[in-house]
Amino acid sequence: MTVYSIIFYFLALLILGSTAMAISRRNLIHAVIYLIFSFFGSAMLFYLFGAPFLAVLEVIIYAGAIMVLFLFIVIMMKLRTDEERLFPLKQWVPAAIFGIVYIAIGIGVVISDPSSRITLKTALANPGIFGQYIFEKQWLSIEIVSLLLLVALIGALILGKRSTKNPAAKASEGEL
Amino acid sequence: MIVPFSHVLILAGLLFLMGMVCMVVRRSLIMILLGVEIMLNAAAIILVGSSLLWQEMEGQSIVLFIFAIAGAEVSVGLALIVWAYRQTGSVDPRDFNLLK
């Protein structure tokens, strides 16, 4: 067991633990902050797997931008999260059984596959070489993704604008 | 020598399952969107791991596109949630069964 594998198992425990805490919190702010810890763990995992550029992007985009956006939305809304209730036990038990069967079969499939027993070797994708690869071989996908981001920007603008633009229409709807 | 690839697969599978549980069980639109984020992150982990396994850079470039898609999805999703909150004053999915 090398030092890399110790780091991997430690990071795996960190990621799984903080994600489990995040999905079980009733307070949404606590959930978002636990998820930020989980994404920091994922960023360190990317660094361990030899992708330093993606590790930096994970911290900037996921932990930085997306989670802070969630945090702003949660803070701005007055939410009554205490009323949230779980499903009754009658619905829980079959769902839990199916989930456990799914985990067991998935682990069995993964372990029985001979190609998954190959041990990963350490390697490093230099950010410069990675960028060169992206813009030489994947330039069309980059253009498509930039268009997608533009569409998302316009969509978010329109969705955010509509209800403030016609308060009169909303009032008349309320009267109807 | 880090770990066998199956351990990375199991880690990402458990993370994906947690995201799915969060998406199905929680009754809040914001937690549903967080579940989608967790699932996208699990996919990113598996892609970086397989990129290391085959010593190719395709997996890492797909992760770059996953980040862009996650950003687009979150911006539109949160705008939709804010819009729905302004309409009804709640983020409970049970309050949006308008087609019933």
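What's counted below: heavy atoms across the whole structure, side chains too, no hydrogens, waters or symmetry copies. Chain letters run A, B, ... following the sequence lines, proteins first and then strands; every chain starts at 1.
For the atom pair A:Leu54 CG and B:Leu47 CG, the distance stands at 10.0 Å (nearest 0.5 Å). Of the inter-residue distances, the one linking A:Ile23 atom CD1 with B:Met20 atom CE reads 11.5 Å to the nearest 0.5 angstrom. Atom CD1 in B:Ile81 sits 6.5 Å away from atom CZ in A:Phe70 (nearest 0.5 Å). Separation of atoms CD1 (B:Ile38) and OG1 (A:Thr19) is listed at 5.5 Å; rounding is to 0.5 Å. To the nearest 0.5 Å, atom OH of residue A:Tyr62 and atom CG of residue B:Asn41 are 5.5 Å apart. A distance of 8.0 Å separates CG of B:Leu52 from OG1 of A:Thr122, quoted to the nearest 0.5 Å.
The hydrophobic cluster containing B:Trp54 also contains B:Ile66, counting ILVMFWY residues as joined when their side-chain heavy atoms lie under 4.5 angstrom apart, directly or transitively. Residues B:Leu9 and A:Tyr102 share a single hydrophobic cluster, defined by chaining ILVMFWY side chains whose heavy atoms lie under 4.5 Å apart. Note on A:Tyr47: it does not cluster hydrophobically with A:Phe39, by side-chain heavy-atom contacts below 4.5 Å among ILVMFWY residues. Linking Ile, Leu, Val, Met, Phe, Trp and Tyr whenever their side-chain heavy atoms come within less than 4.5 Å leaves A:Met21 and B:Val21 in two separate clusters. Under a hydrophobic-cluster definition in which Ile, Leu, Val, Met, Phe, Trp and Tyr are linked whenever side-chain heavy atoms come within less than 4.5 Å, directly or via other members, A:Ile103 and B:Met18 are assigned to the same cluster.
Residues A:Lys137 and B:Glu58 have side chains not in contact (no heavy-atom distance under 4.5 Å, counting atoms from C-beta outward). Counting heavy atoms from C-beta outward, B:Phe5 and A:Val110 have side chains that stay 4.5 Å or more apart. Contact of the A:Phe8 side chain with the B:Leu11 side chain is registered, since non-hydrogen atoms from C-beta on lie closer than 4.5 Å. Inter-residue side-chain proximity for B:Phe67 and A:Glu58 is flagged as met; some heavy-atom pair is nearer than 4.5 Å. The shortest side-chain heavy-atom distance between A:Leu148 and B:Phe65 does not fall under the 4.5 Å cut-off. Between B:Gln60 and A:Phe53, every side-chain heavy-atom pair lies at or beyond the 4.5 Å cut-off. For the pair B:Leu64 and A:Gln138, the minimum side-chain heavy-atom distance is 4.5 Å or more.
There is no contact between A:Met76 and chain B, counting heavy-atom distances below 4.5 Å. Proximity to chain A is absent for every atom of B:Glu73, based on heavy atoms less than 4.5 angstrom apart. Both the backbone and the side chain of A:Phe49 come within contact range of chain B, each with at least one heavy atom under 4.5 Å from a heavy atom of that chain. Only the side chain of B:Leu17 comes within less than 4.5 Å of a heavy atom of chain A; its backbone N, CA, C and O stay farther away. When heavy atoms are compared at a cutoff of 4.5 Å, B:Val24 approaches chain A solely by way of its backbone atoms N, CA, C and O. Residue A:Ile6: no heavy atom, backbone or side chain, is found under 4.5 Å from chain B. Of the two parts of A:Ile118, the backbone and the side chain both hold a non-hydrogen atom closer than 4.5 Å to a non-hydrogen atom of chain B.
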Run the numbers on A:Met67 and B:Val74 for side chain to side chain contact (heavy atoms under 4.5 Å, CB included), then give the verdict. CA-CA 10 Å; A:Met67 286 299 124; B:Val74 156; over 6 Å; no
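More than 12 heavy atoms of other shown residues, nucleotides or ligands fall within 6.0 angstrom of atom OH in A:Tyr9. Applying the 6.0 Å contact sphere to CZ of A:Phe130 captures more than 12 heavy atoms from other residues, nucleotides or ligands.
Nearest heavy-atom pair across A:Ile15 and B:Leu15 is CG2-CD1, 3.7 Å. The two residues A:Gly160 and B:Arg86 make their nearest non-hydrogen contact at O-NH1, 3.1 Å. Summarising the geometry of B:Ser28 relative to A:Leu28, their closest heavy-atom pair is OG-CD1, 4.2 Å, with the distance given to 0.1 Å. When all heavy atoms of B:Met31 and A:Ala22 are compared, the closest pair comes out as CE-O, 3.7 Å. For the residue pair B:Trp83 and A:Leu159, the shortest heavy atom distance occurs at CD1-O, 3.7 Å. Taking both residues in full, the closest heavy atoms of A:Ile134 and B:Ser61 are given as CD1-CB, 3.3 Å, listed atom of the first, atom of the second, then distance.
Heavy-atom pairs under 4.5 Å with chain B were tallied for A:Val74, A:Leu57, A:Ile144; the largest tally goes to A:Leu57. Note: B:Ala70 leads B:Gly77, B:Ala70, B:Gly19 in heavy-atom pairs under 4.5 Å with chain A. Your options are A:Ala31, A:Ser24, A:Gly155, A:Ser42, and the one with the most heavy-atom pairs under 4.5 Å with chain B is A:Ser42. Each of B:Val91, B:Leu40, B:Ile45, B:Leu80 has some count of heavy-atom pairs under 4.5 Å with chain A, and the biggest count is that of B:Ile45. With respect to chain B, the highest number of heavy-atom pairs below 4.5 Å among A:Ile7, A:Leu149, A:Leu69, A:Leu16 belongs to A:Leu16.
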